[in-house]
Every structure is written in C-alpha cells, then in structure tokens.
Amino acid sequence: MARILITSALPYINGIKHLGNLVGSQLPADLYARYCRARGHEVMFICATDEHGTPAELAAAKTGEPVADYCARMHGVQTELAHGFRLSFDHYGRSSSPQNHRLTQHFAGRLRAAGLIAEVAEKQVYSPSDGRFLPDRYIEGTCPACGYERARGDQCENCTKQLDPTDLIDPRSAISGATDLEVRETKHLYLRQSAMRDQLDQWIDSQKGWPVLTTSIAKKWLHDGDGLRDRGITRDLDWGIPVKDGENDWPGMEGKVFYVWFDAPIEYIAATAEWAEAQGLDDAAWRRWWRTDEGAGDVRYVQFMGKDNVPFHTLSFPATLMGSGEPWKLVDYIKSFNYLNYNGGQFSTSQGRGVFMDQALEILPSDYWRWWLLSHAPENSDSEFTWENFQASVNKDLADVLGNFVSRVTKFCRSKFGEAVPEGGAWGERETALASALAKRIAAYDAQMAAMEIRKSAAELRAIWVLGNEYLQEAAPWSTFKTDPDTAAMQIRLALNLIRLYAALARPFLPDAAWSMMAALECEDWTWPEDVEAALKLLPAGHAFTVPEVLFAKITDDAREDWAARFAGARP
RNA sequence: GGGCCCGUAGCUCAAUGGUCAGAGCAGGGCGCUCAUAACGCCUUGGUUGGGGGUUCGAGUCCCUCCGGGCCUACCA
C-alpha cells in the first residue's frame, strides 16, 4: 500500500466550467484517485476553487454582489456540480480560506528571507473611472501595426503582434470604455525565478517519463531567450491575500495582494489543511502529506492539469516550494492534457460555446459523460466532441456491451432459476480459459490505469466486458439448459459473478452504474479481482439478487438532434 | 517572428527503428435467440499529408513543403 497525493488544477471561480475544463483535470484526477483507492492505497485527493484575480472582481461587479459573496455562492455551485459528476475529492477547498492566507504569507516571508524576492517599481495603466489598475489585456485600442480597432493591450488578435498597452492608439478600458487612462507608478514583488533556473532545470531533468507536453513547455520557459524570467507575484487589487512577510507587515506593500498564480498552487497545501480542520484533526494530519520531514517522505504526488497550467506547476510553484528552504513535497508526476474541441471549434466560456457542466447533467446522468470524456481524453493531441460520436460511443459501449450484458444474464437467470444464484454444475475448460483470458486483460487494465493512460484503460475495460458476451455466446446457457440444467446453472452463476467483477473494475469510470450493479446483486464486496477464479466464485449458490432497471438507456437520434441544435450556438 | 505538438481506414484513435501498419465504430456477410433489434464470428477498407534523404530495414530518424493546433510570461 502506497500513499498517493493527487491534486487537480483549480477551476476558476468565474462561472460554470465546460466539459473541456472537466476532462482536462478534475475528471481524470478523479479516475486515478478512485483507481488508487480501489487498489488499496491511501489517497488524498484535493481540489479547490481559485477565487482571486481581476476576472472574479469583474464577475462579482456584474451581478452586483460583493466579491466575497459572489465567490462563496459560486463555490457552492461548483461544489454541487462536482458532486453531480461524482468527483470524489477528499476536500474541495477555497483559495480564499484562512489557511491559504497564512500559508501564502508564510511562503512569501520565507522567500524574502532567502533573498528570492525583488521589489520592483514599475509603471502601469490606471483607470480612474474603474478605480483600478488595468491588466494589459483589459485595455483596448487601435493596433498601431494593422489598424484593428479592438486590439488588446497584450496582443492584437487580428495581426497577432505583441503589444505594450502604451502602443495602442486611442486606448480605453475594456471594462468600462473609459478613455481617461493614465500611467501610474506602482511597486510590486517579483519572485526571482531566474536565480533558481539551474536548480529547476536539473529537477525537470531528473523527472523520468513525464509527458512530452509537460517537459517541452517547461524547457521552453527555462531556455527561451534569456532564460527563465522573474515573475510578479503581487497585484493592485482589493480581493486577494494581503501582502505580508509571514505574520508581519510588509512596508511599502500596503493595500496590495498576492497574484492569484502565487496563491493558487499553495492552496493545494492549504486545502489539505482545510480538510484536516473539517475532519477535526490536528496539523500533523495534513503535514504528513506535505512535509517530507513530517511523514511525506513516502508520498507519491501526482498533479492533473490542462496544458495551459503547465508553466506554473513545473516552474513557479516548485520555485516557491524549493525557494522556501523548507522540505515541502514536490510533485512526482504531472499528467497534462490537451484541449477538447466542440464540433470543430473550441469550447468557450466567454462565448458560451459547447456543453457546460450544469447543462450536461440536465441532459444525462454523469456516467454517460464520464465514460465518453475519459475514453476520449485529449492525451496526445486535441480531441473532438461531436454529438454523433457521443451517441455512438455511449450506446455501443455502455448500453450494448455492458448494460445489455447485465440485462441478459439477470433476466435469463430469473426466468430459468429464479432470483438467486443457481446451484449445481462444475467449471470446465471453457470457464478456466475465460478466467485466464480475464486475468490477462485485467492485468493490462491495471497497468494502463497505474500509468494513467486514460484512453487505453477505457479500451481495456471495454475489452473485458466483451469477454463476458463472448463467453455467453459460446456457453449458450439457453440451449445448455434444455439438456443439462446443472451446467447451465454453473454458467449463469459465473456470469452473475462476472457482473460483480465488472462493477468492481468499472467503478473508477462509472461509479453510479457500478453501484447499481452491486445493489442488484445485493453485494457490497468491491474487492479488486486479483485472483480471478476466486472472484468468479465469490457470490455463492443461493445468494439472492434482483433484476436491475436498464443501466443505460440509449440516446435516440431525436434526442441527439435536439441537443445538437440546442447547443449549436451561444449558451442561452 | 520564435518554439513545441499533430497529420495513420469513412469516423475516433493505436503501433521501444524490426513479421503482412492494428483496434473500436460505421459498411458487407453469416450465426445465435438469453438480452436494451441486443450478442458472437467472418469480412471490405491504407502509396501512414506531399517530396527528398539516412538505414539491411522508416508510420517511427533527418531535411523540405502543405495543412491543423498550442504556447510565447499582466486572463487564469
């Protein structure tokens, strides 16, 4: 038994996430967490809402709520949706928690003591009308290069030229349209990542087997141009974690807060502390996951995230942890994902394009989405959601191959033997061969799951379901029954046990369906089938069961067309 | 502009430089009748984006061209 720490990239507070966000971090992290638990490992699975930053303030302003209230409300909404998708977090925290305030300020203090913080005076655009400094991309104006009138202060979307906000002609606030912008001097803290470049570089080099996507992005940042640049870790905002040096004030930094990307990863740690508090445990309970000098030496730490998050997890956050000079647990493996596209374009939160988590659950139960999303996870390249593909995959894999197997076995047994596991007969060669084929496939499934090869795991699991249908076809208990009822009883006894085995194996992908299967069998034994023969004899003769409702209803053409039309344009 | 990734069957995707490039779906044929018209077996289908090169051997390595995508540090 190992101890596995799993974190999923934090969803931003600013609205409901779409399926692309879900499959890029939380869902595969949940799959892995569930798998690790099923294999008997001790798991700490952490996620949280990422609540600070300009977009959160603006979203709150739009609804007229105080930002703290807005975040509390949206945290509730996201928590509900996480439950809806059966995301099995040990704790779903908030980056605005007191724990995160303390830890973030602690790290800043340690970094300052280590000489890794620089104070930099810089000029930034301020909008008196908005009462705030404007991040570059919140300034719009005419592109000096191509004349595009809605160029952003960081880059012109039309001609892709990199811009400085002061380059823009007729600049205005993208928030209010105000044109009375001025340049003000302000002081900010920078994390001196450049001083840690070699250390980070060596650390990345020492990691074996990370996805190309992960290491190539890290290497690019480390070696591009002059190498890794220092990074501003404070902002002039109201909502956030006040800049402090540990518990002490930071002269000259009054009224400023830490940058979200500084405090968000620290929330992984803080959320574990939140968990401990919620469980009524002491600090040692969470520190044994995070401090190698306090018990985390044998922890394996795995992070899940979309590719846009990679630089912060490979560089900034490790720099924060290493730079503190304290023995914090560093990540051991980073599983990163590409993007899921929607009907040939991108899912888009701002444009409301695609299917969002709340809408998905209104349409179908979570298992349908979990299965499709995970079996098509964008691991090697961007992948594509289409309604046709979704319908075909779900109907074939879930309804026909798995669901129908459960149906045919339980209904056949009920009609010939009644609703209890039938007695009689003994295994022959066919059953031994099946057990050995299953053992082989299960080993492959286990290996793919352990390696976090998501799509390959799904394919192996499906192949295991197919073995059951093949067995039934060959054994043909419906004809055996006419001449040799005892053998038919043995065959169907095995098939009923196969349902339990499938439930145990499928639980990480399909928690609800697995539960329904177990409930129908009136069984609570989720034991992983390490010994397949034993697993296929687990339910004894005479054990009662019930025929379950149809596990997965098929998606009709009408429903598919209806949804395709409904989600074709912007979110209503 | 720079960097990275991808391009394989109608579709979605596999293949440490080494048998005849494989699966699932879709298509075609056969079988079965327990089951959600479900299941099983067989089968059609490829100049691996184009062109060069290295090698005994290239989907895989190198060059080049075409096409798609991502990142490029003040959104997060």
Side-chain angles (χ1 to χ4, degrees), chain A residues 9-14 50 52-56 58 122 124-125 133-139 152-155 160-162 164-165 174 188 193 212-213 215-217 219-221 223-225 228-232 235 259-261 264 306-312 315-316 338-339 341 346 349-350 375-376 379-386 388-390 392-393 395-401 403-416 453 455-456 458-459 462-463 466 468-481 488 491-492 495 547 549-554:
Chain A
L10 309 187
Y12 196 63
I13 196 70
N14 166 26
D50 178 14
H52 299 134
T54 307
L58 297 179
E122 56 193 15
Q124 233 195 314
V125 175
F133 281 93
L134 297 178
D136 290 357
R137 70 172 52 200
Y138 283 98
I139 302 160
R152 294 189 320 204
D154 57 340
Q155 183 174 38
T160 73
K161 186 177 167 61
Q162 306 266 326
D164 194 82
H188 282 297
Q193 300 182 140
V212 176
L213 189 61
T215 47
S216 67
I217 291 173
K219 285 289 179 182
K220 170 66 162 53
W221 281 52
H223 299 293
D224 189 40
L228 188 61
R229 292 179 231 166
D230 294 342
R231 183 156 200 122
R235 291 291 183 273
Y259 175 43
V260 284
W261 264 116
K307 57 186 167 187
D308 51 333
N309 275 328
V310 168
F312 303 99
L315 303 167
S316 307
N338 286 284
Y339 293 141
N341 290 322
Q346 292 190 355
T349 302
S350 57
S375 61
H376 294 79
E379 290 174 293
N380 295 332
S381 61
D382 291 352
S383 66
E384 169 104 354
F385 176 92
T386 64
E388 289 75 12
N389 188 298
F390 178 67
S393 295
N395 286 355
K396 195 69 193 173
D397 299 347
L398 298 183
D400 295 345
V401 178
N404 182 57
F405 177 81
V406 174
S407 258
R408 65 194 296 207
V409 169
T410 53
K411 286 182 180 172
F412 178 78
C413 186
R414 178 174 63 184
S415 75
K416 303 297 187 215
E453 290 284 353
R455 281 174 308 177
K456 288 177 183 175
R462 187 192 191 280
V466 167
N469 283 312
E470 289 175 353
Y471 172 76
L472 280 188
Q473 182 64 31
E474 286 175 30
W478 47 89
S479 53
T480 313
F481 181 77
Q491 292 166 338
I492 216 68
V547 173
E549 295 296 304
V550 163
L551 278 184
F552 298 99
K554 292 206 192 191

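Quick note on labels: first sequence line is chain A, next is B, and so on, each numbered from 1.
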Next on the checklist: Distance check, P atoms only: G24(B) and C5(B), in whole angstrom units.
Outcome noted: 31 Å

Checklist entry - Counting just side-chain N and O atoms, does Arg462(A) come under 4.0 Å of either OP1 or OP2 of C25(B)? => result yes

Checklist entry - How would you list, by chain and number, every residue that makes a ring pair (Phe, Tyr, Trp, His ring centres under 6.0 Å) with Phe405(A), sequence neighbours excluded? => result Tyr502(A)

Item to check | Those residues that, when tested against His376(A), pass ring pair (Phe, Tyr, Trp, His ring centres under 6.0 Å) (two or more places apart) | outcome: Trp372(A)

Checklist outcome for this item: In RNA chain B, consecutive runs of at least three Watson-Crick or G-U pairs below 3.5 Å, as range with range, amount to B:1-7 with B:66-72, B:10-13 with B:22-25, B:27-31 with B:39-43, B:49-53 with B:61-65

Next on the checklist: Any N or O donor-acceptor pair under 3.5 Å from the base of A35(B) to the side chain of Asn404(A)?
Outcome noted: yes

Next on the checklist: What's the closest nucleotide to the side chain of Val466(A) if the choices are C74(B), G40(B), C71(B)?
Outcome noted: G40(B)

Atom pairs under 3.5 Å, N or O on each side, protein against nucleotides 8-12 of chain B: can you list them with distances?
{"unit_1": "U12(B)", "atom_1": "O4'", "unit_2": "Asn389(A)", "atom_2": "ND2", "d": "3.4"}

Checklist entry - Closest to the Ala399(A) side chain: A15(B), C34(B), U36(B)? => result U36(B)

Checklist outcome for this item: Sequence neighbours excluded, the answer for side chain to side chain donor-acceptor pair (under 3.5 Å) partners of Lys554(A) is Asp400(A)

Next on the checklist: By nearest atom, which of the nucleotides C75(B), A76(B), C71(B) is closest to the Val260(A) side chain?
Outcome noted: A76(B)

Might you list the N or O atoms of the protein lying below 3.5 Å from N or O atoms in nucleotides 28-31 of chain B, with each pair's distance?
{"unit_1": "G31(B)", "atom_1": "N2", "unit_2": "Gln473(A)", "atom_2": "OE1", "d": "3.4"}
{"unit_1": "G31(B)", "atom_1": "N2", "unit_2": "Gln473(A)", "atom_2": "NE2", "d": "3.2"}

Checklist entry - If you take atom types as modelled and just measure distance, does the side chain of Arg408(A) reach the base of A38(B) with a donor-acceptor pair under 3.5 Å? => result no

Item to check | Nearest to side-chain heavy atoms of Lys456(A), which nucleotide of A76(B), C74(B), A15(B) | outcome: A15(B)

Checklist entry - Has the side chain of Trp221(A) got a donor or acceptor atom sitting under 3.5 Å from an opposite partner on the base of A73(B)? => result no

